[in-house]
Amino acid sequence: MSWLLFMDESGHDHRNMPMEVRGGVAIHASRIWDFVRDFHQAELDCFGVRLAEYSKEIKGSKLLDLKRVKWADASATLDANIRHNGVRRFLTKGLQKENPAARDFAAYGQASILMAHAIFDLLHKHNAKIFASLIPCGAKPPKDYQYPHFLRKDHIFLQERFFYFLEMEQQHGLFVMDQTEKANDRRFVRKLQDYYLKTAAGRHRTRWIVPAPLFVDSEMSPGVQAADLCLYCINWGFRLPEWSFTGPQRDDIATGFAPRCHALQFSGDGYRDGKTFKTYGIFYVPDPYTARDK
């Protein structure tokens, strides 16, 4: 059996996110169908409907957008029936290009927050592990950068952490990636496969990692949707003092969701140059274009 690492990215459009984050959630193959069923049930429990029926997708930027938090806080906690009816009215009005009532905004906001927490509950229930690399938003290579066709340092570190985890589990791993623009996907796959074919470290890591990613539509993959939520929360709220990162953060995510990411991240032993050290699934790379620190 294998672990599937459902992958996405956050902040790469360079609009309003504090960092660029790539990574995702690893779920064991034996747990995926149960996770998918539980995910859809949680959606019904929170919203009372399947959002896809209204052309809506579950994403971190949708569930935890500041507007939705504001809507949720505008009312006392609604019971399930009132919340479900309000969500239906909210979504129906949206399709009809009409303005929902204030109580319906509150219902949709509260359902969104509940769904975000429910996804983290499910990731914990199904023993998922988070892997994520963070770099400063808009980090650019130096003018004399000579390796544009190679994986960046942060991408290599992500492969490294996933390998340590798989080696510890003695199980194989596959990448399941959100399908974006085909040319970009091809470029990344080419870099990925070159790493596993042309470097000693990459060839060694094919012992457990299968470097042939599967691409899926995120709208139809609860695993990728869960990854999107985790990366959004990491981007806005996960910080460690030793990172010395001074960019913005959202306090509601830092207190309400970052600890949940911390609890789910991989933690284990890594090794290099004959030395063993503690390593974690979530890590920050201040400069992804310089050589690895000794």
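Residues take their numbers from the sequence shown, with the count starting at 1.
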Donor-acceptor check, side chain of E219 to backbone of S55, threshold 3.5 angstrom: yes or no? no
To the nearest 0.5 Å, what is the distance between NZ on K56 and CG on L51? 8.5 Å
Measure up the Y271 and Y164 rings against each other and bin them: parallel (under 30°), tilted (30 to 60°), perpendicular (over 60°). tilted
pair R68-L63: side-chain heavy atoms closer than 4.5 Å: no
Is it the case that the side chain of H84 and the backbone of D45 share a donor-acceptor pair, with hydrogens and angles ignored and the cut-off at 3.5 Å? yes
Would you call the rings of W3 and F165 parallel, tilted or perpendicular, where under 30° means parallel and over 60° means perpendicular? perpendicular
Going only through I, L, V, M, F, W and Y residues with side-chain contacts under 4.5 Å, is there a path from V176 to M220? no
Parallel, tilted or perpendicular: ring planes of F47 versus Y108, cut at 30 and 60 degrees: tilted
Take the angle between the ring planes of F105 and F90 and call it parallel below 30°, perpendicular above 60°, tilted in between. perpendicular
Note: C261 and C230 closest approach over all heavy atoms is SG-O, 4.0 Å
Let me see the working for T279 and R161 under side chain to side chain donor-acceptor pair (under 3.5 Å), right down to the final yes or no. CA-CA 7 Å; T279 190; R161 270 38 169 213; 2.9 Å; yes
Test side chain to side chain contact (heavy atoms under 4.5 Å, CB included) on L192 and Q159; report intermediate values, then the result. CA-CA 9 Å; L192 187 73; Q159 313 296 313; 3.6 Å; yes
Going through the checks in order, is the side chain to side chain contact (heavy atoms under 4.5 Å, CB included) test met by D104 and K93? CA-CA 10 Å; D104 300 335; K93 291 283 187 180; 5.5 Å; no
Are any non-hydrogen side-chain atoms of D269 and K278 less than 4.5 angstrom apart? yes
Parallel, tilted or perpendicular, as decided by the 30° and 60° cut-offs, for the rings of W243 and F238: tilted
Between K153 and D287, is the closest basic N to carboxylate O distance under 4.0 Å? no
Over all heavy atoms of both residues, which pair between L158 and F283 is shortest? Give the atoms and the distance, please. N-CZ, 3.6 Å
If two hydrophobic side chains count as joined below 4.5 Å and joins carry through other members, does F277 share a cluster with M168? yes
CD1-CD1 distance between I282 and I234, expressed to the nearest 0.5 angstrom: 4.0 Å
Side chain to side chain contact (heavy atoms under 4.5 Å, CB included) between E20 and D154, worked out: CA-CA 11 Å; E20 295 180 26; D154 52 310; over 6 Å; no
Can you check whether L231's main-chain N or O pairs, donor with acceptor, with N235's side chain at less than 3.5 Å? no
Without swapping roles, check the side chain of R203 against the backbone of Y196 for a donor-acceptor pair under 3.5 Å. no
To the nearest 0.5 Å, tell me how far F245 CZ sits from R239 CZ. 5.0 Å
What are the two closest heavy atoms between P18 and C137, and how far apart are they? O-CB, 3.3 Å
Is the F162 ring parallel, tilted or perpendicular to the F131 ring (thresholds 30°, 60°)? perpendicular
Does the distance from a Lys or Arg side-chain N to an Asp or Glu carboxylate O, for D34 and R37, drop under 4.0 Å? yes
Can you find a heavy atom in the side chain of L134 that is under 4.5 Å from one in the side chain of V21? yes
Under 3.5 Å, side chain of E167 to main-chain N/O of W208, donor-acceptor pair present? no
Donor-acceptor under 3.5 Å (R88 side chain, G48 main chain): yes
Between E160 and R205, is the closest basic N to carboxylate O distance under 4.0 Å? yes
Could you tell me whether the side chain of Q249 and the main chain of A254 form a donor-acceptor pair under 3.5 Å? no
Here the gap from M177 atom CE to S221 atom OG, rounded to the nearest 0.5 Å, amounts to 12.5 Å
Is there a side chain to side chain donor-acceptor pair (under 3.5 Å) between H28 and E169 once you walk through the steps? CA-CA 11 Å; H28 194 267; E169 294 288 317; over 6 Å; no
Enclosure of H262 NE2 (heavy-atom neighbours >12, cutoff 6.0 Å): no
Check ion pair D252-R250 (N to O, under 4.0 angstrom): yes
Looking only at heavy atoms, the pair that brings G60 and D228 closest together is N-OD1, 2.6 Å
Would you say that I253 contacts Y232 through its side chain, given a criterion of any heavy-atom pair below 4.5 Å between the two side chains? yes
Side-chain contact test, heavy atoms from C-beta onward, threshold under 4.5 Å: evaluate it for R152 versus V285 and give yes or no. no
Side-chain touch D194/H149, heavy atoms, less than 4.5 angstrom: no
Side-chain heavy atoms nearer than 4.5 Å, only ILVMFWY residues, links allowed to pass through others: does that put L114 and L64 together? no
Rounded at 0.5 Å granularity, tell me how far CZ in F6 sits from CG in L174. 9.5 Å
Check: M7 and D178 side chains under 4.5 Å, non-hydrogen atoms: no
Can you list the steps and then say if D38 with K125 is a salt bridge (Lys or Arg N to Asp or Glu O under 4.0 Å)? CA-CA 10 Å; D38 287 347; K125 174 183 176 181; 2.8 Å; yes
To the nearest 0.5 Å, tell me how far K129 NZ sits from L166 CG. 12.5 Å
Q179, K59, E57, Q225 screened by side chain to side chain donor-acceptor pair (under 3.5 Å) with S218, the one that passes: E57
What I'd like to find out is whether the side chain of F120 reaches to under 4.5 Å of the side chain of H124, using heavy atoms alone. no
Is a side-chain N or O of E9 found less than 3.5 angstrom from the main chain of R22, in a donor-acceptor match? no
Any link between F157 and Y195 through a network of hydrophobic side chains (Ile, Leu, Val, Met, Phe, Trp, Tyr) touching at under 4.5 Å? yes
Which atoms form the tightest heavy-atom contact between I119 and A226, and what is the distance? CG2-CB, 3.8 Å
Kindly determine whether H117 and F257 satisfy side chain to side chain contact (heavy atoms under 4.5 Å, CB included), including the steps that lead there. CA-CA 8 Å; H117 281 291; F257 292 94; 3.4 Å; yes
Co-membership, hydrophobic cluster, residues I82 and V49, 4.5 Å side-chain: no
So does K275 get a backbone contact from the side chain of D273, meaning a donor-acceptor N/O pair under 3.5 Å? no
